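Read the structure below first, then the notes.
Just so it is clear, the structure is predicted and the values come from calculations on it, not from any experiment.
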Amino acid sequence: MAVYDATVAAWESKYFYNRPRPSEVDTTLPTALPTPRSPAYPSEHAAAAGAAATVLAYFFPDEALSFQAMAEEAAQSRVLAGVQFPSDSSAGLELGRSVAEQVIARAKADGSDAVWTSTVPTGPCMWVGDKPANATMPNWKPILLEAADEFRPPTPPDCKSAAVKAETDAVRQFERKFPSSYKAFYWQSPSGLFTDWYDYASKWMFEDKTDSNPPRAARTYAMLATVYYDAYIASNDGKYAYWYLRPNMLDPSITPLFAVPAHPSYPSNHSTLSTARCEVLAYLFPDQAEFIRTVGKEAGDSRIWAGIHYEMDNRAGAALGKAVAGKFIERAKKDGAD
């Protein structure tokens with residue numbers, strides 16, 4: 001968010017002042033890199049670096065000096081390359097830091113520092129545990145959703161119903177083979193959980209040259225990050241509205257492939273988040289829509305293969321993720337980027 005807003009603000013200032021690049025002022029000046037096709041002031045690299053370093057320092061204060069040094073190095077690199085004046089870089093750093101402070105002020109008021117003090121409800125069909133993860137998330141302030149429960153999934157069926165019995169049987173009877181287990185472990189890894197979607201975006205931006213357009217690149221990353229955040233809040237709102245038990249809690253003969261996450265089952269976080277991000281990527285890269293939606297479905301299905309979710313969790317999560325993404329895509333269509 002900070003990098004995107006800092007980049008947009010930098011471009012507003014670039015075309016307000018319309019300052020030429022150093023090599024346009026002195027055509028004999030050699031440059032180490034191609035001169036960008038945009039005004040010099042302020043530096044876009046410095047603005048992004050200043051914003052990123054300031055936000056990172058907020059989250060990791062012990063590393064603040066290191067982040068600041070890296071931001072200053074990033075800014076100075078453009079001066080050394082001959083494509084920016086020193087004042088471009090210093091102004092960019094200050095702009096990025098100012099934008100980041102506004103983002104941090106919002107973060108400090110979003111409710112994420114709340115401590116859960118309630119008790120786990122008990123009863124038929126209820127999740128069992130004593131330290132529910134992310135239990136305060138339903139009360140966090142979303143970025144775009146009106147409220148955490150704006151698209152809350154419908155009440156799940158009684159765990160003693162024939163429908164749930166059939167879904168539980170399907171989880172227990174699933175025949176695990178190397179490909180499905182490998183994919184289940186992958187989608188449980190940091191790459192599958194967090195970075196895979198950005199890697200696809202980076203690859204496709206390189207292929208279509210969006211990577212040389214900083215505002216569009218920043219918009220892509222910001223959309224992925226913010227839809228993830230709101231979808232996560234919405235998914236956990238559903239989880240803690242219903243407190244639905246996991247398949248292995250209903251049928252102890254089910255042995256999950258890996259440790260079951262410490263929160264209720266319905267809806268699936270993975271299906272919600274994967275669908276939200278794949279829908280955003282499908283909007284941003286329509287030629288890749290069919291492929292990325294297949295990837296998103298695999299991510300959700302892998303939770304059944306791992307024995308930690310019912311199919312109804314996936315269905316509800318996919319519907320929720322698509323609804324959240326739809327709101328972000330609708331906003332994006334009106335943000336002026338076209």
Side-chain angles (χ1 to χ4, degrees), residues 1-11 34 36-38 44-45 47-48 51-52 103 142-145 151 182-183 186-235 267-303 314-315 317-338:
M1 289 175 64
V3 169
Y4 173 68
D5 275 11
T7 302
V8 172
W11 249 254
R37 294 187 300 112
S38 62
E44 59 272 33
H45 277 67
V103 174
I143 294 167
L144 198 55
L145 295 183
F151 299 114
Y182 161 77
K183 289 177 180 178
Y186 173 77
W187 289 111
Q188 180 66 7
S189 72
S191 294
L193 288 168
F194 305 116
T195 62
D196 197 58
W197 312 95
Y198 296 97
D199 293 339
Y200 280 121
S202 298
K203 175 178 180 288
W204 295 335
M205 283 194 288
F206 172 77
E207 290 173 352
D208 69 13
K209 308 305 180 187
T210 307
D211 63 328
S212 62
N213 187 317
R216 293 197 176 277
R219 178 175 180 260
T220 294
Y221 292 133
M223 282 191 69
L224 279 174
T226 51
V227 78
Y228 175 90
Y229 179 77
D230 272 19
Y232 211 168
I233 290 175
S235 184
S268 163
N269 273 342
H270 230 69
S271 288
T272 303
L273 301 174
S274 298
T275 301
R277 289 176 289 189
C278 77
E279 287 299 319
V280 163
L281 287 171
Y283 160 70
L284 293 167
F285 306 96
D287 290 346
Q288 305 291 347
E290 181 178 356
F291 167 79
I292 198 61
R293 285 180 175 130
T294 300
V295 172
K297 185 178 185 306
E298 178 185 283
D301 289 346
S302 74
R303 312 305 269 179
N314 280 1
R315 289 195 303 270
L320 177 57
K322 188 169 185 178
V324 174
K327 193 148 189 174
F328 278 78
I329 292 168
E330 189 60 31
R331 181 189 183 280
K333 290 178 179 178
K334 301 174 183 177
D335 68 4
D338 59 352

Going by the rule salt bridge (Lys or Arg N to Asp or Glu O under 4.0 Å), which residues pair with D335 if we only count those two or more places apart in sequence or in a different chain? R219
For A217 versus M205, what's the shortest heavy-atom pair and its separation? CA-SD, 3.5 Å
Applying side chain to side chain donor-acceptor pair (under 3.5 Å) to W187 and not counting sequence neighbours gives E298
The single option from Y221, F285, F206, F291 passing ring pair (Phe, Tyr, Trp, His ring centres under 6.0 Å) against Y200: F291
Nearest-0.5 Å distance that lies between atom CG in D211 and atom CZ in R216: 13.5 Å
Close side-chain approach of T220 and W204, heavy atoms under 4.5 Å: no
Heavy-atom closest pair, residues G321 and T275: C-CG2, 4.0 Å
If we only count heavy atoms from C-beta on, is the P214 to W11 side-chain gap below 4.5 Å? yes
Ring centres under 6.0 Å, that's the criterion: do F328 and Y283 meet it? no
Nearest-0.5 Å distance that lies between atom CD in Q188 and atom OG in S302: 8.0 Å
All heavy atoms of G296 vs all of W197, minimum pair found to be CA-CH2, 3.9 Å
As a quick check of understanding, evaluate side-chain contact (heavy atoms from CB on, under 4.5 Å) for Y4 and T226, giving each step before the final call. CA-CA 11 Å; Y4 173 68; T226 51; over 6 Å; no
Under 3.5 Å, side chain of R277 to main-chain N/O of Y198, donor-acceptor pair present? no
OG-CG distance between S274 and N269, expressed to the nearest 0.5 angstrom: 10.0 Å
d(T294 OG1, D301 CG) to nearest 0.5 Å is 10.5 Å
Do the side chains of H270 and L193 get nearer than 4.5 Å, heavy atoms only? yes
Looking at side-chain heavy atoms only, is the closest gap between V324 and L145 below 4.5 Å? yes
Nearest 0.5 Å please: distance from the NZ atom of K322 over to the OG1 atom of T272. 14.0 Å
Please check this pair: side chain of S235 against backbone of Y232, looking for a donor-acceptor N/O pair closer than 3.5 Å. no
CG of L281 to CG of L224: how many Å apart, nearest 0.5 Å? 4.5 Å
Any non-hydrogen side-chain atom of M1 less than 4.5 Å from a side-chain atom of I143? yes
Closest contact, heavy atoms only, L320 versus P267: CD2-CG, 4.2 Å
Okay, side chain of D230, backbone of P142: is any donor-acceptor separation there less than 3.5 Å? no
Residue pair S271 / N314: nearest heavy atoms and the distance that separates them: OG-OD1, 2.9 Å
If you compare all heavy atoms of A2 against all heavy atoms of A51, which two are closest, and at what distance to 0.1 Å? O-CB, 3.7 Å
Using a 6.0 Å cut-off, check whether atom NZ of K297 has over 12 heavy atoms from anything other than its own residue. no
